[in-house]
Amino acid sequence: MYALFFMLVTVTCVIMMSPTVETAMREHIPFFTEMCNKLNAGENCSTLVGYSAVYKVCFGMACFFFFFFVFTIHVRTSTGCRAAVHNGFWFFKFVALLACCAGGFFLPNQEKFLEVWRYVGAAGGFLFIIIQLMLLVQFAHRWNQNWSSGVKYNKIWYAALALVTLVLFSVAVGALVFMIVFYTDPEACFLNKLFLGVNGGLCLVVSLLAISPCIQTFQPTSGLLQSAIISVYVMYLTFSALASKPVEMVERNGKNVTVCVFPYKSGLQSDTNIVTGVGTVILFGCILYSCLISTTKRSSTALQKKYYSFLKRMIFLYFPEDYDDEKTAGGQNVKYDERDGTIYSYCYFHFVFFLGSLYVMMTVTNWFHYENAKIERLLEGSWSVFWIKMASCWVCLFLYMWTLVVPMLFPKRFQA
């Protein structure tokens, strides 16, 4: 239900940022102009569209989840009244969400509010990205540890580890070669060349570090599978950053030629619409998946591990005891359903959705290039999106490198 609320508001924000949808509504909804005048929403409901409207709606959604974040702090059992509010009263909470979103349009001194809220949204969006990168690093370690433990029972796991590692590294190297071919040029695109070299070199460094004797002494399970997963993701982020970068042009034969772009379009407007539509759907799917996977018991527990102790105190206020997700009784799987206590942290659940609200706001409005932002131009280049994605590469590599070296730097803290 919370995810449904989240997606309804997100779709509303997309409609607000789409001139195409606005035009279609004006043409097909009877008495559209009269309705806008009665609502005092300006000519053709101008105050209900654009980046400022998205900021106000997302402000209401963020306030909704932030209230529940504070409201559910230290909820340890599902039998209390606060837990009952968290798990029920859906109609009243939906009405409250609508009221919060509508209330953003009645805030005083809106120019100052939009300026301040923009930076709050940027900070929350960055934190949302960091949490997802932490979960990715933890996933890489867990995958390698699970498969390595199977070697004791069946040597075929060695072959599986080697095969998957080889495939992942092949994908990473192939992606690097692909970007060198299509996103570099002898006469331009200096930043592309620089960051391809830097990111490729850093992936090589962390791969060598993962199998170095000094790391193996403290982490025998460390191997190339983790670094292969991280390398593939870094190459994906690098590609996404280069694709989000504003186009560059050089003069050749008396004509301005666009360089360092992949020619995926045939020049037709329908191609642009298809690519934008697919990209928007993927974006929403990733955001929803990130919110839900971050708030499961397994992911919350993962971020309690000693590798992340320096960050968890800043993010998590309460961790429930470790429960098994399922128990077997009489040949049937029985889910715990919070019989003795909450399976996951309620406050952290709402905190991630709060950050997700800010991330949606910044992404839909193209981060700091908000004034000319349109959902149809979501995949077009902007410097702010480029630097955010490139910084995400480095944060991901730093987090993975930290998990490798911290047992060596603080051996006493990581002794069994």
Side-chain angles (χ1 to χ4, degrees), residues 125-126 129 132-133 136 166-207 227-283 286 362-363 366-369 372-398 400:
F126 290 143
I129 293 173
Q132 305 318 307
L133 293 177
L136 173 72
L166 179 61
V167 169
L168 290 176
F169 271 124
S170 299
V171 171
V173 173
L176 181 61
V177 172
F178 170 84
M179 287 183 283
I180 291 174
V181 171
F182 288 102
Y183 287 94
T184 60
D185 187 86
E187 302 176 14
C189 306
F190 171 76
L191 285 180
N192 294 19
K193 303 172 190 174
L194 175 64
F195 290 138
L196 283 174
V198 169
N199 291 354
L202 289 175
C203 289
L204 177 62
V205 168
V206 297
S207 300
S227 54
I229 296 171
I230 299 301
S231 297
V232 169
Y233 191 71
V234 168
M235 287 299 106
Y236 160 73
L237 287 177
T238 304
F239 167 75
S240 183
L242 297 183
S244 301
K245 182 171 168 283
V247 297
E248 296 187 35
M249 305 186 74
V250 297
E251 185 176 348
R252 291 174 180 166
N253 300 324
K255 296 181 180 180
N256 290 328
V257 180
T258 302
V259 295
C260 304
V261 294
F262 179 64
Y264 65 90
K265 300 177 184 177
S266 64
L268 299 177
Q269 183 63 31
S270 59
D271 290 352
T272 304
N273 293 338
I274 292 173
V275 172
T276 302
V278 172
T280 305
V281 171
I282 293 175
L283 170 68
C286 290
M362 299 305 295
T363 302
N366 207 13
W367 291 83
F368 294 103
H369 292 262
N372 297 321
K374 299 177 183 178
I375 200 63
E376 287 83 357
R377 300 174 59 186
L378 182 64
L379 300 183
E380 293 186 10
S382 68
W383 283 110
S384 59
V385 176
F386 169 78
W387 287 112
I388 289 166
K389 293 181 178 180
M390 196 59 68
S392 298
C393 294
W394 303 329
V395 171
C396 182
L397 288 165
F398 169 77
Y400 175 59

Are any side-chain N or O atoms of S170 and backbone N or O atoms of L166, one a donor and one an acceptor, separated by less than 3.5 Å?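 Yes; judged by distance alone, with no hydrogens or angles, the pair exists.
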I'd like to check [X] versus [Y] (side-chain heavy atoms, cut-off strictly below 4.5 Å). Are they in contact?
| X | Y | result |
| --- | --- | --- |
| I129 | V395 | no |
| T184 | L196 | yes |
| Y400 | L133 | no |
| N199 | W394 | yes |

From [X] atom [atom1] to [Y] atom [atom2], the distance as rounded to the nearest 0.5 Å:
| X | Y | atom1 | atom2 | result |
| --- | --- | --- | --- | --- |
| K245 | N192 | NZ | CG | 4.5 Å |
| L397 | C203 | CG | SG | 5.5 Å |
| L237 | L242 | CG | CG | 11.0 Å |
| F398 | C393 | CZ | SG | 15.5 Å |
| Y233 | S240 | OH | OG | 9.0 Å |
| C396 | L202 | SG | CG | 11.0 Å |

Nearest atoms (heavy-atom pairs only) where [X] meets [Y]:
| X | Y | value |
| --- | --- | --- |
| A172 | M235 | O-CG, 3.6 Å |
| A241 | M390 | CB-CE, 3.7 Å |
| V232 | L168 | CG2-O, 3.1 Å |

ask   = With F195, which of F239, Y183, F190, W387 fulfils ring-ring contact (aromatic ring centres under 6.0 Å, His included)?
value =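 The passing option is W387.
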